[in-house]
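Quick notes on the structure that follows.
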Amino acid sequence: MFFSRFINSSIGGFLSVLVVGLVLATPAISGEKMFTEDFERPDSYIIGNGWKEILSGGECVTADAKFVEEPQNNLFFQSKKKSAIANPLQREIDQEIYDSRLNRSTISPEATAELQDGQVFLHFEENQPSQLVQKDIDKRVTRIAFDYTPLYAMGGMDDRAWLGMRIFFLDSRDHILGEIRSVYYNVVFSDLENSDTIYSITSQGPFDGATRHTEIDAQQILKERLTGIDPERVAKTRISLEISSNICGSTVEGYFDNINLTLADATGLHRFNQEEILSIIHVGADMYDSNPDDFPGNWIDTIVATYGREKLSKWLNEIPRDVGARPAKLAKLMSELYSLDGKNSFVVAYGVSILLYHF
């Protein structure tokens, strides 16, 4: 009861005052449908723009130029069945490894990704882990396009160098539902058995410094190949840029550039991302300033016209009732969901309270 009177008595004016200090990523509502990353920033060991370097350990194997071991900690390919290996050379290699003892070397976590010449440069060398650079997108990706340059690989006759992109689909709790793997490899590569949650796209060629372009129809793959994933559960997409070889003494280098993602709506409370939720609140303040007599109806009409009534309704219904009725809890939820500081989470929570009461 107190909450209802509080909302009614202070509706737009309080929001208008608060929103003056709101840190807004975009000045107006825009239904974001694309994510573009061209890495056109100064050379740096920090990738920036939300990209994170992920450290991972593992093992490499010591081998001569003729025989190497099947990868044990390859982040892309972990064959579950020996029968899946159809390449005669690969069978010969695996049999030799099975019958012999090779020295192993422990790989210590170390990151060597950097921005170089307006691209992401990944460098793998002896006794390193696979190099990973990742970014989470609070949407479901439907199409991916990117450039990559296999620059250099040295690991012997049976080289295991590879680089590629993995596209992870996550639910609202950050659990991985499945993935698409797009991989370019140098010489030897173990066949992988796909499943209803993993789909692999591979190509082979030299690490010759030539730039190549890839486009992936993730929407079609989800529908036709990844039948074990319910698209309605996908709340996020994680993009992972990777490069590696599991042979001790190998060196692998490559670039990634011009990443373009087409985005669909996410599910649950991730239907709106940080930029969108901040923009919605900012527009609410503008609507009150320009026409307070029609507020909040004019604000709700604007949001509905931009995003659709169904999306807004489903998003509001995802907020637990006990949280929506308690402003402090709501502010905490907004902070956790959209990585907001204290001031912004408070402002957003107040605006969402108005929507919960009037929508």
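Heavy atoms only: backbone and side chains are in, while hydrogens, waters and symmetry mates are out. What you see is a predicted model; the values in this text were computed from it and never measured.
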ILVMFWY cluster, [X] and [Y] together (side-chain gap under 4.5 Å):
X	Y	answer
Leu177	Leu226	yes
Ile198	Ile201	no
Val141	Leu170	no
Met165	Ile180	yes
Ile137	Ile229	yes

Give the minimum heavy-atom separation between Ser345 and Ser335, together with the two atoms involved. CB-CB, 3.6 Å
Contact summary for Trp315 and Gly268, nearest pair of heavy atoms: CD1-O, 3.8 Å
Answer yes or no: are there more than 12 heavy-atom neighbours, outside [X] itself, under 6.0 Å from its atom [atom1]?
X	atom1	result
Lys135	NZ	yes
Arg143	CZ	yes
Ile46	CD1	no

Taking atom CG of Asn186 and atom CH2 of Trp162, what is their separation to the nearest 0.5 Å? 13.5 Å
For Asp208, give me all partners under side chain to side chain contact (heavy atoms under 4.5 Å, CB included), at least two apart in sequence or on another chain. Pro206, Ala210, Arg212
Any side-chain to backbone donor/acceptor pair from [X] onto [Y]? Under 3.5 Å, distance only.
X	Y	value
Glu336	Leu333	no
Gln274	Tyr338	yes
Asn317	Ser313	yes

Starting from the C-alpha separation in whole Å, work towards a yes-or-no answer on salt bridge (Lys or Arg N to Asp or Glu O under 4.0 Å) for Lys139 and Asp265. CA-CA 5 Å; Lys139 296 282 187 178; Asp265 284 337; 3.5 Å; yes
So which of Asp136, Asn273, Asp174 actually passes side-chain hydrogen bond (donor to acceptor under 3.5 Å, both in side chains) with Lys236? Asp174
Can you tell me which residue among Asp301, Ile303, Ile354, Leu355 is in a side chain to side chain contact (heavy atoms under 4.5 Å, CB included) with Pro296? Ile354
Between Glu37 and Asn49, is a side chain to side chain contact (heavy atoms under 4.5 Å, CB included) present by the stated rule, with each step listed? CA-CA 9 Å; Glu37 173 63 272; Asn49 196 25; 2.6 Å; yes
Trp51-Phe39 aromatic ring centre distance below 6.0 Å: yes
Quick check on the 6.0 Å ring-centre criterion: do Phe295 and Tyr288 meet it? yes
Is the NZ or CZ atom of Lys311 positioned over Phe272's six-membered ring, under 6.0 angstrom from the centre and within 45° of the axis? yes
Those residues at least two apart in sequence (or on a different chain) that pass side chain to side chain donor-acceptor pair (under 3.5 Å) with Asn291 are Asp294
Would you tabulate the side-chain donor-acceptor contacts of residues 255-263 under 3.5 Å, counting partners in other chains and residues two or more places apart, or write 'none'?
residue: Tyr255; atom: OH; partner: Gln116; partner atom: OE1; Å: 2.6
residue: Asn258; atom: ND2; partner: Asp147; partner atom: OD2; Å: 2.8
residue: Asn260; atom: OD1; partner: Thr36; partner atom: OG1; Å: 3.1
residue: Asn260; atom: ND2; partner: Asn258; partner atom: O; Å: 3.4

For Glu310, is there an ion pair with Arg271 - N to carboxylate O distance below 4.0 angstrom? no
